[in-house]
Amino acid sequence: QGTALYEIDNCGTDKEPAATYQTISGVFSPDLQYVAEAGDINGDFDDRIITILNLKSGEERVLHPADFPAWSRDTQWLAYTGIDGIYVVNILKNTDPVRVVLYRNPAGDVYPTYSNVNQLPPPEVSWSPDGQWLVYHRLTVEKHSINLPNYYSIFKVNIETGEEIKMVDGGMYPNWRWPVEEP
């Protein structure tokens, strides 16, 4: 029914949240100015959207088709998974989305893009601390009977140049560790 923001020192205590956002859920930007919420259209899981809400102005922007939003550390960029690859969009400049990785489902010709029908975990991105790279997993085996991590590889892509590098075989759902900020 909403989101409560707590100071890290107050987690697990009886202290009140620092802020409460009624009816707002999703992935908050690092500067807490925006929230990106993934959802579906008319209950159709295969037709996913991301709604970006500016918490100050109340303005909304819809990205379609889109899922699995991830904010850059500076809140300037939002990366997400489309049905045919990974996209980035500059939120502060309100640009059109740009596909940085073309990635169609290698598991079959019937469902060449990501959908609930083929039930394959699509790539989900994580930003590097400097905002230059995205890390993600992708299926690298064409024929398989079940989803196993060894059927996937971990890649990174430079969002400016499009340079894609395989980092390791056999893994899923990587995350880039951001440095801890000093108080």
Side-chain angles (χ1 to χ4, degrees), residues 26-31 33-39 46-54 60-144 147-179:
V27 181
F28 281 74
S29 63
D31 67 2
Q33 299 300 307
Y34 300 91
V35 65
E37 182 177 5
D46 287 340
D47 202 4
R48 304 283 292 168
I49 63 169
I50 294 173
T51 303
I52 302 166
L53 172 65
N54 181 320
E60 290 185 348
R61 179 175 182 187
V62 175
L63 302 173
H64 176 259
D67 208 354
F68 307 110
W71 290 100
S72 64
R73 188 172 181 201
D74 64 3
T75 305
Q76 183 171 343
W77 296 90
L78 184 76
Y80 64 90
T81 304
I83 60 172
D84 62 352
I86 296 171
Y87 290 78
V88 294
V89 59
N90 188 312
I91 299 303
L92 299 184
K93 294 181 180 176
N94 200 28
T95 62
D96 289 333
V98 173
R99 187 176 57 211
V100 293
V101 174
L102 172 64
Y103 177 39
R104 296 176 61 82
N105 174 7
D109 296 329
V110 177
Y111 301 106
T113 59
Y114 284 98
S115 70
N116 194 34
V117 175
N118 60 35
Q119 298 182 7
L120 295 171
E124 294 182 39
V125 300
S126 177
W127 285 90
S128 64
D130 64 6
Q132 299 301 307
W133 297 86
L134 297 171
V135 65
Y136 51 94
H137 70 260
R138 57 195 277 203
L139 183 65
T140 53
V141 175
E142 288 187 30
K143 298 190 186 241
H144 66 301
N147 285 323
L148 294 174
N150 59 328
Y151 293 157
Y152 293 79
S153 296
I154 306 295
F155 289 83
K156 70 178 183 176
V157 64
N158 183 297
I159 65 163
E160 288 185 26
T161 66
E163 176 188 13
E164 184 181 46
I165 299 170
K166 184 194 289 189
M167 296 174 64
V168 66
D169 284 320
M172 297 174 73
Y173 303 106
N175 259 305
W176 217 299
R177 186 174 174 178
W178 287 0

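The aromatic rings of Y87 and Y80 sit parallel, their planes meeting at an angle under 30°, below the 60° perpendicular limit. Between Y173 and H137, the ring planes are perpendicular. Angles over 60° get that label, and only those under 30° would be called parallel.
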Worked verdict on V157 versus I86 for side-chain contact (heavy atoms from CB on, under 4.5 Å) = CA-CA 10 Å; V157 64; I86 296 171; 5.7 Å; no
Under the side-chain contact (heavy atoms from CB on, under 4.5 Å) criterion, do L78 and L63 qualify, and how do the steps go?
-> CA-CA 11 Å; L78 184 76; L63 302 173; 4.0 Å; yes
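At a threshold of 4.5 Å between non-hydrogen side-chain atoms, the residues T95 and V89 count as touching. Using a 4.5 Å heavy-atom threshold, the side chains of W176 and V125 count as separate. Looking at heavy atoms from C-beta onward, V135 lies in side-chain contact with I154 at the 4.5 angstrom threshold. Between Y151 and L139, some side-chain heavy-atom pair lies under the 4.5 Å cut-off. For the pair E37 and L53, the minimum side-chain heavy-atom distance is 4.5 Å or more. Side-chain atoms of I165 and W133, non-hydrogen and from C-beta on, do get closer than 4.5 Å to each other.
With W71 as the partner, the side-chain contact (heavy atoms from CB on, under 4.5 Å) test is satisfied by one option alone out of D31, V35, I52: I52. When the options E164, K156, E124 are evaluated for a side-chain contact (heavy atoms from CB on, under 4.5 Å) with Y136, the one that passes is E164.
Heavy atoms only, all atoms of each residue included: A38 and R48 are closest at CB-NH2, 3.7 Å. Between L92 and N90 the shortest heavy-atom distance is N-OD1, 3.1 Å.
Here the straight-line distance linking atom CD1 of I159 with atom OG of S72 works out to 7.5 Å at 0.5 Å rounding. Rounded to the nearest 0.5 angstrom, H64 NE2 and I50 CD1 are separated by 11.0 Å. Rounding to the nearest 0.5 Å gives a distance of 9.0 Å between NZ of K166 and CZ of R138. Atom CD of residue Q33 and atom CG of residue N54 lie 7.0 Å apart, to the nearest 0.5 angstrom. The CG atom of L102 sits 6.0 Å away from atom CG of D84, with the distance rounded to the nearest 0.5 Å. W127 contributes atom CH2, which lies 8.5 Å from atom CD of Q132 (distance to the nearest 0.5 angstrom).
A donor-acceptor contact closer than 3.5 angstrom is absent between the side chains of T81 and D67.
Put simply, the side chain of W77 never gets that close to the backbone of V88: no donor and acceptor are under 3.5 Å apart.
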